[in-house]
Amino acid sequence: MLFPDGHDPAHCAFVLEPSGVRVSYGELIDRSRRVARVLRQLGCQPRDPVAMMMENNEHFLVCAWAAQRSGLRYTAASSRLTPDEIAYILGDCEAKVVLASRATAEIVRRAIEDTPHAPVCLCVDGTSEGFSDLRTIDAPSAPLPDEAEGVDMLYSSGTTGRPKGIAAEINLDPLGTPPGIVMMMQELWKIDADAVYLSPAPLYHAAPLRFCMAMHRVGATCVVMERFDAVALLELIERHRVTHTQLVPAMMVRILKLPPEERERFDLRSLRCVIHAAAACPAEIKRGWIEWLGPIVYEYYSATENHMLTTISSEEALARPGSVGRPLLGMPHVLDEEGRELPVGEVGTIWAEGGREFVYHNDPEETAESRNPQGYRTVGDLGYVDADGYVYLSDRRADLVICGGVNVYPREAEDRLLLHPKVIDAAVFGIPDEELGQVVHAVVQPAAGERGPDLEAELLDFLGEKLARFKLPRAIDFRDELPRHPTGKLYKRLLRDEYAR
């Protein structure tokens with residue numbers, strides 16, 4: 001059976017919310033085949049690169065499936081990037097064609113206006129200057145004669161320096177050859193054709209895109225939120241009888257901090273599985289979700305690189321607070337800065353033996369730095385492994401604060417701050433200090449009407465109840481909002497750069 005082609009054509013493949021646009025499997029198949037034909041007419045051959053730049057809309061998954069079924073290497077880029085950032089990604093991935101929407105066409109046009117070898121530009125939902133209207137290009141919906149599995153090439157969010165394209169092998173397997181993520185989801189989280197999956201994050205991010213396409217391979221329905229809203233998410237679970245959803249910790253914090261009467265007015269009994277990933281979740285936040293919904297909360301740890309994959313159930317998480325689970329893919333090794341294996345329980349850089357092979361596109365130096373002489377791979381996370389093989393994350397190496405020669409992991413203070421009822425969001429990071437090299441600093445988004453010296457003192461006292469003095473911020477600043485991406489990623493680099501000036 002070819003996926004998604006073998007499923008009931010009348011069954012809903014996805015619905016957009018709040019617009020309510022519904023696309024059946026029959027429509028998804030016909031439309032993706034037609035777009036595949038258009039891309040072939042424009043000269044895209046198997047293994048060629050194309051790019052997509054659009055918000056969550058009815059065309060995103062259609063275009064992704066068109067590239068997937070054409071054997072192409074496709075890059076989905078954030079619709080919130082600057083023209084310079086877009087120009088870099090389009091140039092680096094060498095896209096032959098870029099598929100954009102009317103909402104993103106202007107910024108794409110600005111990005112490529114001085115590019116010597118600009119890609120062909122298609123607008124998926126209308127007319128825009130410099131773009132061909134995809135809707136008016138004549139192409140049949142018959143399948144290509146050489147359909148084969150493509151692969152995504154997504155870009156890291158650029159914790160340091162330029163974003164990196166993460167390139168996997170493209171073998172041109174027969175269309176319908178499912179990637180490993182599908183079997184994993186079937187085994188761990190029991191996805192099937194009866195599942196209804198709620199995706200609240202932008203589809204250009206790795207997990208939302210890959211999970212939605214995995215759901216299509218088994219015939220499930222995806223409910224795609226055009227933008228995240230905590231109350232709307234709960235209402236959609238009730239209305240669509242959602243069985244599975246995937247959240248990031250920032251979303252979990254926002255939802256859990258809703259007034260109890262707001263959360264409890266929705267019928268969430270259809271939920272079979274709440275999955276979270278993308279960042280470490282404070283143990284008390286996870287406990288709050290399990291107490292609220294029962295043992296249906298699951299976590300996995302991985303990266304766009306797929307260098308390693310760990311999973312943990314609710315029961316395991318309650319028994320081992322803070323763990324991200326045991327590995328299903330890649331054997332973890334915790335090494336010191338000289339590459340020596342550290343004993344159980346000691347914090348170091350987490351490396352993976354095995355896992356998916358990858359390279360950073362056009363960046364052999366970064367690729368080499370992600371390997372060690374034994375062939376292990378790392379994405380720079382710090383943590384440790386316990387005696388039973390459970391992995392615990394401490395922080396990103398880029399976020400480590402070295403204060404007077406002592407390592408401080410900002411995540412400890414962040415997790416604690418997020419438990420305070422007057423805190424909506426928090427960032428803890430290092431800032432330059434002439435005497436100590438770095439000191440710990442915090443920026444907090446307070447609840448409405450809460451801020452000032454009294455709140456700063458209250459929060460520092462709250463932190464001091466659980467954390468050693470050297471781990472505490474020297475000061476706390478307050479802002480209306482922190483620089484957080486819709487995918488949930490906190491842009492600490494922007495804050496660090498600001499305070500370094």
Side-chain angles (χ1 to χ4, degrees), residues 14 16 19 21 23 27-28 31-44 48-70 72-139 150 152-155 157-158 163 165 199 201-206 208-209 212-213 224-227 361 485-487:
F14 63 89
L16 272 290
S19 67
V21 175
V23 174
E27 292 170 310
L28 175 60
R31 289 170 60 180
S32 64
R33 286 175 174 174
R34 179 182 169 276
V35 175
R37 287 278 184 174
V38 171
L39 293 173
R40 182 63 60 86
Q41 289 175 11
L42 294 173
C44 293
D48 279 349
V50 298
M52 303 188 301
M53 174 77 61
M54 63 187 91
E55 71 284 7
N56 283 9
N57 61 29
E58 65 171 292
H59 308 281
F60 200 115
L61 290 169
V62 170
C63 292
W65 271 111
Q68 183 73 37
R69 70 188 312 129
S70 305
L72 301 178
R73 190 183 295 280
Y74 55 101
T75 292
S78 170
S79 58
R80 296 167 62 93
L81 297 176
T82 67
D84 284 347
E85 291 168 324
I86 294 169
Y88 169 77
I89 289 176
L90 293 180
D92 187 67
C93 76
E94 304 167 282
K96 283 191 170 184
V97 175
V98 58
L99 296 135
S101 66
R102 285 178 296 177
T104 61
E106 173 59 26
I107 196 168
V108 172
R109 185 162 49 247
R110 288 164 56 196
I112 65 174
E113 58 187 359
D114 296 322
T115 303
H117 303 291
V120 175
C121 294
L122 298 178
C123 185
V124 298
D125 58 355
T127 58
S128 186
E129 181 183 352
F131 284 70
S132 297
D133 186 345
L134 176 63
R135 302 171 306 171
T136 64
I137 298 176
D138 186 29
D152 61 54
M153 187 175 80
L154 306 180
Y155 278 70
S157 45
S199 182
L203 291 171
Y204 51 71
H205 194 54
L209 176 60
C212 283
M213 296 185 76
V224 178
M225 295 183 74
E226 290 157 294
R227 65 195 66 85
H361 187 60
H485 195 275
T487 58

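This is a predicted model, so every value here is computed, not measured.
- The closest donor-acceptor contact from the side chain of Tyr155 to the backbone of Cys93 lies under 3.5 Å.
- Side-chain contact between Val97 and Pro119 is absent, with no heavy atoms from C-beta onward closer than 4.5 Å.
- Leu154 contributes atom CG, which lies 6.5 Å from atom OG1 of Thr75 (distance to the nearest 0.5 angstrom).
- Checked against side-chain hydrogen bond (donor to acceptor under 3.5 Å, both in side chains), Arg34 has no partners two or more places apart in sequence or in another chain.
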Apply the test side chain to side chain contact (heavy atoms under 4.5 Å, CB included) to residues Leu209 and Tyr74: give CA-CA distance (whole Å), side-chain angles for both, the deciding distance (0.1 Å), then the verdict.
CA-CA 12 Å; Leu209 176 60; Tyr74 55 101; 4.2 Å; yes
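- Atoms CG and CD1, from Leu90 and Ile112 in turn, are 7.5 Å apart once rounded to the nearest 0.5 Å.
- Taking Arg109 as the reference, Glu106, Ser128 meet the side-chain hydrogen bond (donor to acceptor under 3.5 Å, both in side chains) condition, with sequence neighbours excluded.
- With rounding to the nearest 0.5 angstrom, the NE2 atom of His361 is 11.5 Å from the CD1 atom of Ile89.
- Put simply, CG on Leu81 and OH on Tyr204 are 7.5 Å apart, with the number rounded to the nearest 0.5 Å.
- Within the structure, salt bridge (Lys or Arg N to Asp or Glu O under 4.0 Å) pairs that include any residue of residues 86-99 comprise Asp48-Lys96 (at least two apart or interchain).
- Contact annotation: the side chain of Glu226 approaches that of Ser19 to within less than 4.5 Å [non-hydrogen atoms, C-beta and beyond].
- With rounding to the nearest 0.5 angstrom, the CG atom of Leu99 is 9.5 Å from the CZ atom of Phe131.
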Please list, one pair per line, the donor and acceptor atoms closer than 3.5 Å that link side chains of residues 50-64 to other protein atoms, with sequence neighbours excluded.
from	atom 1	to	atom 2	distance (Å)
Glu55	OE1	Ser101	OG	2.7
Glu55	OE2	Asn57	ND2	3.4
Asn56	OD1	Leu203	N	2.8
Asn56	ND2	Ala201	O	3.2
Asn56	ND2	Met225	O	2.9
Asn57	OD1	His59	N	2.9
Asn57	OD1	Phe60	N	3.0
Glu58	OE1	Arg31	NH1	3.2
Glu58	OE1	Arg31	NH2	3.3
His59	ND1	Arg31	NH2	3.3

Begin from the C-alpha positions of Leu122 and Ile137 and carry the test side chain to side chain contact (heavy atoms under 4.5 Å, CB included) through to its verdict.
CA-CA 10 Å; Leu122 298 178; Ile137 298 176; 3.8 Å; yes
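- In this view, Arg102 and Cys123, Asp125 satisfy the side chain to side chain contact (heavy atoms under 4.5 Å, CB included) rule, not counting sequence neighbours.
- Of all the heavy atoms in Ala36 and Ser70, the pair that sits closest is CB-OG, 3.2 Å.
- Ser32 pairs by the side-chain hydrogen bond (donor to acceptor under 3.5 Å, both in side chains) definition with Arg69, not counting sequence neighbours.
- Of the possible polar contacts, none joining the Gln41 side chain to the Ala139 backbone as a donor-acceptor pair under 3.5 Å is found.
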